[in-house]
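Before any comments, here is the structure.
Remember, predicted model here, so these are calculated numbers, not experimental data.
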Amino acid sequence: MPPNLEAQRKTANDLKKHWKPRNDRFEDWYSIREMEDKYAKEGWESIALNGGRTFFDVALFFLSHRAPTIRVAVLGKPDEEQERSADAEYFLAGVHRVIDRGRSRSGEKPWVEALAESLLLTGWYAYTRGSDKDPDGKAEFFLDVYDPSDCYPEWGNGRMEKLAHIYSISGSKVKTKANKLGWKAEFELTGSTDEVTLYDFWEWVQEEDGEEALYNTVWVEGRGVTQKGSRPGTGWAVLVEPTIKDEDCIPIQNGPVNGWSTGSKRPDRKKMRVTHLGESILEAGRTIWDAKNRWTTDIMQKSHDAAVPSFTASSRGGDWVVAERDMIAGVVIPKRLDEELT
């Protein structure tokens with residue numbers, strides 16, 4: 001029996017809420033990569049040093065400057081099998097080149113660089129891969145790297161039991177995607193924005209006969225979203241009803257690559273599992289770089305104050321005694337007896 005749609009919506013949003021502390025930590029690492037000037041204030045000196053950004057870029061170069069080497073084990077195998085293995089290596093290398101050409105035409109980075117960037121920046125990976133056929137019947141290969149902050153997994157029984165891939169997208173792009181993938185796109189947007197949130201939800205469900213089935217459901221949510229044929233203002237619309245997929249695992253690969261052990265004995269280990277399961281390469285130096293930015297900002301401001309001190313001027317008529325440019329230039333300033341400049 002197919003799962004209940006309302007229950008799936010609740011589960012997807014519960015997973016998103018569960019992983020929110022993880023996503024909040026992502027923001028700390030994003031700010032280092034983007035060299036965000038956290039101490040910027042109007043009229044004050046401040047700086048964001050490039051130590052963290054440079055460290056990240058060097059690490060990214062080492063991980064992504066060349067395509068991975070593909071080797072098929074051939075030790076001890078007959079010569080003819082070794083030759084077939086070599087053909088397989090050439091074939092897979094060619095597949096990677098085809099994938100990158102397709103990504104390049106779409107304005108995307110090579111998949112190795114995109115995946116390495118995700119691993120280093122968030123400590124998580126999220127991607128899907130596969131093949132399809134174009135209208136002429138030729139094979140098309142793809143590898144899509146997702147933003148880990150859009151993926152919310154749940155593990156159990158030695159596998160990923162559930163996954164919610166939730167991201168913002170324009171309504172027009174949803175309909176284009178739906179036409180390509182064969183989804184129904186029977187919804188309207190009556191709000192002032194074209195932006196919607198797409199939910200691509202996967203879960204293993206135990207059927208009444210005791211067998212397990214992998215279900216996939218897709219829907220959109222947003223202000224002004226209305227399912228055609230439904231009452232106005234429903235706020236969501238189904239694109240794919242709960243459908244059984246012939247897969248042995250959820251096709252979106254998602255997981256951590258760094259961080260603390262999940263076997264921590266700390267009392268708050270459940271919280272630590274969410275916030276420290278998967279960490280950026282920038283985490284170890286995060287507080288140091290922040291302290292350097294704060295110290296350097298403080299020194300810059302003190303140096304500015306010493307070089308361009310503040311003055312207090314008073315005159316009988318309340319007029320300017322001297323122009324600001326003269327104080328900065330350090331010129332000789334004439335004044336009358338009833339005027340003061342301190």
Side-chain angles (χ1 to χ4, degrees), residues 12 15-16 18-36 50-70 92 95-130 141-155 160 162-169 173 177 197-202 249-260 262 273-286 289:
L15 285 173
K16 184 176 181 179
H18 173 77
W19 288 107
K20 184 179 183 302
R22 176 203 65 176
N23 285 9
D24 290 342
R25 298 199 75 212
F26 287 173
E27 295 298 327
D28 293 334
W29 304 322
Y30 294 158
S31 67
I32 298 173
R33 172 78 188 287
E34 296 166 3
M35 292 179 60
E36 178 186 350
N50 67 342
R53 171 66 180 269
T54 302
F55 173 67
F56 180 90
D57 287 348
V58 171
L60 179 60
F61 169 78
F62 281 123
L63 281 186
S64 63
H65 73 286
R66 58 178 295 179
T69 301
I70 300 170
L92 291 174
V95 167
H96 287 169
R97 289 193 294 271
V98 169
I99 288 173
D100 278 343
R101 279 200 296 269
R103 292 178 61 85
S104 177
R105 286 194 293 268
S106 300
E108 297 177 295
K109 295 180 178 180
W111 72 267
V112 172
E113 183 178 351
L115 185 58
E117 184 176 25
S118 174
L119 297 173
L120 293 172
L121 188 55
T122 67
W124 283 75
Y125 61 85
Y127 67 91
T128 186
R129 69 209 188 285
F141 300 93
F142 64 87
L143 194 157
D144 295 330
V145 180
Y146 296 148
D147 184 343
S149 64
D150 293 335
C151 295
Y152 309 96
E154 180 180 305
W155 291 282
M160 188 186 296
K162 301 173 184 176
L163 180 92
H165 183 208
I166 306 172
Y167 57 98
S168 297
I169 187 173
K173 286 186 177 179
K177 191 180 184 78
T197 302
L198 190 144
Y199 288 69
D200 185 10
F201 183 72
W202 298 79
C249 66
I250 294 174
I252 298 176
Q253 310 299 311
N254 183 215
V257 294
N258 192 15
W260 292 17
T262 59
R273 175 177 169 81
V274 174
T275 57
H276 290 279
L277 182 62
E279 286 188 332
S280 170
I281 193 175
L282 300 172
E283 174 60 19
R286 176 176 58 85
W289 290 316

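Among residues two or more places apart in sequence or in another chain, the side chain to side chain donor-acceptor pair (under 3.5 Å) test is passed with Asp24 by Lys20. Legend: residues meeting side-chain contact (heavy atoms from CB on, under 4.5 Å) with His96, ordered by chain and number and at least two apart, are Pro68, Ile70, Trp111. Shown here are the side chain to side chain donor-acceptor pair (under 3.5 Å) partners of Asp144, two or more places apart in sequence or in another chain: there are none. Partners of Ser149 according to the side chain to side chain donor-acceptor pair (under 3.5 Å) rule, which considers only residues two or more places apart in sequence or in another chain, are Asp147. In terms of the salt bridge (Lys or Arg N to Asp or Glu O under 4.0 Å) criterion, residue partners of Arg53 (sequence neighbours excluded) are, by chain and number, Asp57. Under the side-chain contact (heavy atoms from CB on, under 4.5 Å) criterion, Glu283 pairs with Arg25, Trp29, Glu279, Arg286, sequence neighbours left out. With sequence neighbours left out, Phe61 forms a ring pair (Phe, Tyr, Trp, His ring centres under 6.0 Å) with His65. By the side-chain contact (heavy atoms from CB on, under 4.5 Å) test, Ser168 pairs with Glu195, Thr197, sequence neighbours left out. Every residue meeting the side-chain contact (heavy atoms from CB on, under 4.5 Å) condition with Trp19, not counting sequence neighbours, appears here in chain and number order: Arg22, Trp124, Tyr152, Pro153, Trp155, Val274, Leu277. Residues meeting the ring pair (Phe, Tyr, Trp, His ring centres under 6.0 Å) test with Tyr125, sequence neighbours left out: none. Applying the side chain to side chain donor-acceptor pair (under 3.5 Å) test to Asp100 and every residue at least two apart in sequence or in another chain returns nothing. Under the ring pair (Phe, Tyr, Trp, His ring centres under 6.0 Å) criterion, Tyr146 pairs with His165, sequence neighbours left out.
Ionic pairing of Glu113 and Arg103 is not present here: no N-O contact between side-chain nitrogen and carboxylate oxygen is shorter than 4.0 angstrom.
For the pair Phe56/Ile32, no side-chain contact is recorded, criterion being any heavy-atom separation below 4.5 Å from C-beta on. Contact of the Leu115 side chain with the Leu143 side chain is not registered, since no non-hydrogen atoms from C-beta on lie closer than 4.5 Å.
Here the side chain of Ser280 pairs a donor or acceptor atom with the backbone of Leu121 at under 3.5 angstrom. At distances below 3.5 Å, not a single donor-acceptor pair connects side-chain atoms of Ser118 with backbone N or O atoms of Ala114. Checked by atom type and distance alone, the side chain of Thr54 never pairs as donor or acceptor with a backbone atom of Gly51 at under 3.5 Å.
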